[in-house]
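Worksheet for the structure shown next.
When a ligand or atom number is given, it counts from 1 through the structure's own listing order. Keep in mind that what you see is a predicted model, and the values were worked out from it rather than measured.
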Amino acid sequence: MTLQISAAFDSGNIEVQSLDNLQDIQLKIRKDKDSDFYQWFYFRVTGAKGQALKMRITNAAGAAFTGGWEDYKAVASYDREEWFRIPGTSYDNGELIIEVTPEQDSLYISYFAPYSMERHADLIADCLQHEGVSLRVIGTSIEGQAMDCLTIGTGLKTFWVIARQHPGESMAEWWMEGFLARLTDMDDPVIKTMREKATFHIIPNMNPDGSCRGHLRTNYAGSNLNREWGVSNLEKSPEVHHTIAAMDADKPLFCLDVHGDEALPYNFIAGAEGIPDFTDKQAKDQADFLTAYKKASPDFQTEHGYPVSAPGKGNLTMCTNFTADRYNCLSMTLEMPFKDNANDPDAEVGWSPDRAAQLGHDALTAMADIVDQL
Ligand SMILES: [Zn+2]
């Protein structure tokens, strides 16, 4: 058997520099196309069953967020369902070291549990099997992939929930899976009421091209979509362009943009305090939502997060600021960890698809708590 490492598949990313020595395997993460961002990796190791491997990601120091490598453990899977952390992961001398002995002929290793475009297709198809769920394609990505937008509910209050502007933040679509599983469950009394009060527009994957290509942060044109709001065009950021057009037609009262953060081991919300006219109502609605989310999920907290922008200092090309400013609505960014929740760590899996999905499920409890005041 010969050791092979490949990333030529949906969401894959790695370049092989040297496989000559099993104790000195040298790898590099590929940059996002037409961009300098990189951090996402996802590859398959074959032909090394029972052999101790030491892999070095030699360009880790130049990654987008090197704070992401401190106390970080890579994830791996044999069956592509269960993802576990690799204890032998360390960041040393500017390199990410992964030491592992594969127990089977094939082992997948990734930055976080990947969420493939095939799984996205299954998610959309599954939602459409439920009553009262409709789909529209609001436009296409640069490479021609559908921008899927689900609509659920019949109420007057308009909710927008989007995820994965940054494609490498795959936990955002795992969150969506839990969120949608609950929102399509009409046996859940919270949902029954919520769907009478609100109409949800949901884009589970804002960046299908970047997702397929194994990007961290950008689309096919190298655009960071969360810096394109208000400055988008069809050449460099059609994904945002189409989303704003759809929002203009159904103006949000509530907007949530779901992300992952490389460095901070917590779940937290970043608000729109930095827009020129952050209103008392926006502040109160946000505070009430945070309280409700904390009550709904022990995995959510408000102690740790980003510094709050001063009024007028917020970047209006980000979704949260742009939508809060344009629609005068409650708009927030949710961040989840790549690493773990330090308040309730799990050495075996860290922050995981299951926990992200549960946090998505629980977000609906918090939304139901504040829907009447919006
Ligand atoms: Zn992000």
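Nearest N/O/S atom of His166 relative to the Zn ion (ligand 1): this is ND1. His259 contributes atom ND1 as its closest N/O/S atom to the Zn ion (ligand 1).
Under a cutoff of 6.0 Å and an axis angle of 45°, Arg326 and Phe322 do not form a cation-pi pair.
Checking Ser211 against Asn205 by side-chain atom types alone, a donor-acceptor pair falls below 3.5 Å. Between the side chains of Arg195 and Thr154, not a single donor N or O lies within less than 3.5 Å of an accepting N or O.
Within 6.0 Å of atom NZ in Lys33, more than 12 heavy atoms from other residues, nucleotides or ligands are found, so the atom counts as buried in its surroundings.
Not a single N/O/S atom of Asp261, whether from backbone or side chain, sits less than 2.8 Å from the Zn ion (ligand 1).
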